[in-house]
Amino acid sequence: MAVLNKPVVANLDFDDIKKDIIDHFKDNSDFKDYNFKGSALNSLIDILAYNTHLNALTANFSINEMFINTAQKRDNLVSIAKGMNYVPTSSTCSKVDVTVNIPRLGSERSFTIPVGTTLNAVNGNTSYTFNLTQDYIVQFLSGEVSKQLKLTFYQGKSLTERFVQDNNNLNFPTFELLNENVDTQTISLRVNNIKYTMLNPENESISNINNTSTIFFVEETTNKKHKVKLGNGVIGKKVNVGDEVVVSYLTCAGEASNGINSFSLSVKGRSDITINSNGMSHGGSLIESERSIKDNAPHWFQSQYRAVTTNDYETIVKKNYPDIQAINAYGGEEIGKPGKVFLTIKPKVGDKLSQAAKLHIQNNIIKKFNIVNIKPEILDPEYIELLLNSTIIYDNSRLTSNESTLKSKIFSLFTSFNINRLSDFKKSFFEQNLAEEIKLLDKSIVSINTRTSLRFDSTVINNKLNKYQIRFNNPLYHPLLGFNSDKGGILSTNDFSRVGKSFTSGFNDDGKGNIRLFDNLDGVKVYANNKAGTIDYGSGILDIKDFDPIDGNINFTVIPDSFDVLSLNEYILRISLDSSIINIVEKDNIELINLLNKSRSV
């Protein structure tokens with residue numbers, strides 16, 4: 001009998017594996033005319049193929065779970081991240097700063113607002129409780145009848161668990177917490193009423209740890225819960241059998257409790273203590289997602305707990321302040337301000353951070369990792385609205401619904417396009433990407449023509465524009481000198497009011513680089529200042545002179561030179577759903593197509 005060579009199995013699919021085995025047998029003359037489908041050998045080949053198939057899948061899954069980029073199970077991701085000295089962020093409690101007025105009772109010299117004092121708030125149909133996590137003491141001076149004190153409250157439910165050490169042979173005694181959504185930064189641990197200090201990757205390398213150090217560690221376990229680990233007598237003090245371990249912490253609602261600015265205060269026995277002022281709750285987030293762990297852990301390991309590069313700043317801030325939807329850091333040398341680094345942050349709720357959130361990030365996060373000679377600065381994101389005018393030409397014989405339904409589908413697509421393709425730093429708008437997605441909505445669509453205008457929304461406060469230089473960061477449409485001057489060029493604004501004027505005013509340009517201020521008098525534009533500013537068509541920069549506006553909103557709209565729009569630095573692009581237009585036109589309506597289907601919005 002001829003000697004069989006080893007079969008070559010080059011596929012993972014069952015049918016392909018079976019075919020490889022049969023081909024192997026057919027190569028041998030003993031099985032040349034063998035009917036594999038109708039024989040007992042077919043069942044054996046099935047078993048061999050199934051076994052090979054399952055082994056291949058098992059090996060593939062196992063190897064995937066060894067690497068952070070391909071692992072799917074959270075437990076494995078957490079374990080790999082641990083090897084990079086990265087601890088995934090737990091749920092984080094939203095916090096708020098409140099200034100309270102404390103009347104003095106009689107001649108008391110001091111008063112303590114105790115731990116457990118609460119703020120109550122409602123957001124939508126849900127009630128939230130904010131807790132004081134430390135005692136605050138106010139000292140009264142002679143003659144003072146009241147005093148104001150700033151307090152910090154954290155949203156969540158205060159819980160306490162008690163454990164008793166019952167095994168003296170454990171290397172690092174471990175106690176698992178029963179609840180989910182624990183904010184690990186609020187964990188307080190005492191052993192026999194002695195307070196212990198939590199160590200994390202940021203501070204363990206600089207701590208003088210020995211066998212008497214009262215320390216503990218926190219790690220994530222299965223089901224997104226956490227455990228506390230105590231010392232082993234070499235790294236940290238060891239607990240003995242019979243020692244009582246008391247762990248207190250907050251469980252929180254994450255980002256759902258952000259953005260609240262109305263509260264009621266409850267101080268036990270003191271209904272006369274009232275809120276004088278308060279900020280907005282911020283900083284809450286849910287436990288770090290698997291996708292975020294994959295992105296952050298390698299960058300965190302690379303940063304080595306110091307902020308040097310712009311990537312370091314982004315990684316460190318995201319790790320320590322999870323209430324961030326988007327962040328962009330860039331060096332001051334990019335804009336002529338060397339020695340500085342600028343961070344632009346978009347929170348998950350709202351368009352910009354509160355002042356309290358900025359100070360928290362600056363003083364409690366960046367300051368710990370920042371290099372001395374670098375000055376970080378946190379900026380608000382700037383938004384450029386994309387005003388789309390899309391003409392959709394369709395074939396009525398292939399339309400599966402009607403024009404109204406098709407238009408609704410496209411507006412829904414604009415919403416998802418904002419979420420998936422835009423609304424983040426350095427995410428540019430490419431018209432071709434939008435056209436491709438519109439085309440997939442209905443087989444009747446034969447052509448898409450989208451014209452884009454750019455709008456920057458500014459505000460006037462105390463008769464001053466919030467920005468007198470507006471950067472669109474894209475070349476503007478300007479085919480020739482004096483283009484469209486008679487009709488206002490390529491710049492327009494909404495009507496606004498000026499101090500001491502009974503009529504409204506507006507801006508346009510003369511096609512020669514000058515911004516013109518005009519007044520609306522009986523329906524006629526009368527130019528009040530032909531050089532009210534400048535417009536640089538090449539860079540897309542508007543410089544505006546002061547013009548005494550009345551408080552309100554002024555929206556500047558321009559036409560870009562390209563169908564694609566680039567996003568730079570602190571600017572975020574997003575499609576304006578309220579101001580965009582969709583025209584649905586049947587392919588045989590030639591007259592309407594000629595009217596609407598133009599290359600520019602001029």
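Between the side chain of Ser91 and the main chain of Asp183, no donor-acceptor pair closer than 3.5 Å is present. For the pair Asn514 (side chain) and Asp510 (backbone), a donor-acceptor distance under 3.5 Å is absent. A donor-acceptor pair under 3.5 Å links the side-chain atoms of Asn474 to the main chain of Leu566, judged by distance alone. Side-chain atoms of Thr310 never come within 3.5 Å of backbone atoms of Tyr330 as a donor-acceptor pair (strictly under, hydrogens ignored). With hydrogens and angles disregarded, a donor-acceptor distance shorter than 3.5 Å links the side chain of Ser580 to the backbone of Leu388. In terms of modelled atom types and a separation under 3.5 Å, the side chain of Glu65 and the main chain of Lys73 share a donor-acceptor contact. One N or O on the side chain of Asn484 and one on the backbone of Gly489 form a donor-acceptor pair closer than 3.5 Å. Ser94 contributes a side-chain N or O that, together with a main-chain N or O of His282, makes up a donor-acceptor pair within less than 3.5 Å. Between the side chain of Asp323 and the backbone N or O of Gly283, at least one donor-acceptor pair lies under 3.5 Å.
A side-chain N or O of Tyr537 and one of Asp509 form a donor-acceptor pair less than 3.5 Å apart. There is a side-chain donor-acceptor pair under 3.5 Å between Glu288 and Tyr86. In this structure, a donor-acceptor pair under 3.5 Å is absent between the side chains of Asp75 and Thr222. Remark: the Asn389 side chain and the Ser453 side chain contain no N/O donor-acceptor pair separated by less than 3.5 Å. Under 3.5 Å, the side chains of Thr118 and Asn131 contain no donor-acceptor pair of N or O atoms. Between the side chains of Asn123 and Asn258, no donor-acceptor pair is found at a separation under 3.5 Å. Between Lys318 and His299, the side chains place no donor N or O within less than 3.5 Å of an acceptor N or O (distance only, hydrogens not considered). A donor-acceptor pair shorter than 3.5 Å can be found between the side chains of Tyr249 and Asn179.
Evaluation of the salt bridge (Lys or Arg N to Asp or Glu O under 4.0 Å) test over residues 539-557, restricted to residues two or more places apart or in two chains, returns Lys464-Asp546. Residue pairs meeting the salt bridge (Lys or Arg N to Asp or Glu O under 4.0 Å) criterion with at least one member in residues 251-261, sequence neighbours excluded, are Glu255-Lys348. A salt bridge (Lys or Arg N to Asp or Glu O under 4.0 Å) check over residues 383-397, counting only residues at least two apart or in different chains, returns the pairs Glu385-Arg574. Annotation: salt bridge (Lys or Arg N to Asp or Glu O under 4.0 Å) contacts involving residues 486-497, sequence neighbours excluded, are absent. Pairs of residues two or more places apart, or lying in two chains, that qualify as ring-ring contact (aromatic ring centres under 6.0 Å, His included) and include a residue from residues 413-471 are Phe411-Phe414. Listed by first and then second residue, the side-chain hydrogen bond (donor to acceptor under 3.5 Å, both in side chains) pairs involving residues 410-425 are Arg421-Glu437 (not counting sequence neighbours).
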Would Tyr313 and Asn370 count as a side-chain hydrogen bond (donor to acceptor under 3.5 Å, both in side chains) here? Give the steps.
CA-CA 8 Å; Tyr313 279 96; Asn370 192 50; 2.2 Å; yes
Worksheet entry | Audit row: Asp97, Thr152, side-chain hydrogen bond (donor to acceptor under 3.5 Å, both in side chains) steps and yes/no | CA-CA 5 Å; Asp97 293 327; Thr152 300; 2.8 Å; yes
Would you please test Phe130 and Tyr154 for ring pair (Phe, Tyr, Trp, His ring centres under 6.0 Å) and show each step? CA-CA 5 Å; Phe130 288 73; Tyr154 294 84; 9.1 Å; no
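For the pair Lys525 and Phe518, the cation-pi criterion (under 6.0 Å, within 45° of the ring axis) is fulfilled.
The structure places CG of Asn449 at 7.5 Å from CD1 of Ile393, a figure rounded to the nearest 0.5 Å. If you take CE on Met280 and CD1 on Ile260, they are separated by 9.5 Å, rounding to the nearest 0.5 Å. Here the CG atom belonging to Asp351 is positioned 9.5 Å from the CD atom belonging to Gln325, to the nearest 0.5 angstrom.
Separation of the Tyr383 and Tyr571 ring centroids does not fall under the 6.0 Å cut-off.
Between Phe507 and Phe556, the ring planes are parallel. Angles under 30° get that label, and only those over 60° would be called perpendicular.
With sequence neighbours excluded, the residues forming a side-chain hydrogen bond (donor to acceptor under 3.5 Å, both in side chains) with Asn402 are Thr405, listed by chain and number. Under the salt bridge (Lys or Arg N to Asp or Glu O under 4.0 Å) criterion, Glu403 pairs with no residue at all, not counting sequence neighbours. Applying the salt bridge (Lys or Arg N to Asp or Glu O under 4.0 Å) test to Lys224 and every residue at least two apart in sequence or in another chain returns nothing. With sequence neighbours excluded, the residues that form a salt bridge (Lys or Arg N to Asp or Glu O under 4.0 Å) with Asp519 are Arg498. With sequence neighbours left out, the salt bridge (Lys or Arg N to Asp or Glu O under 4.0 Å) criterion links Glu377 to Lys340. Under the side-chain hydrogen bond (donor to acceptor under 3.5 Å, both in side chains) criterion, Lys501 pairs with no residue at all, not counting sequence neighbours.
The existence of a salt bridge linking Lys467 and Glu382 is confirmed by a sub-4.0 Å separation between a basic side-chain nitrogen and an acidic carboxylate oxygen. Taking a cutoff of 4.0 Å between a charged side-chain nitrogen and a carboxylate oxygen, Lys82 and Glu220 do not qualify as a salt bridge.
In plain terms, the two heavy atoms of Ile590 and Lys587 that are nearest each other are CD1-O, 3.6 Å. Nearest approach of Glu431 to Phe563, heavy atoms of both residues: CB-O, 3.7 Å.
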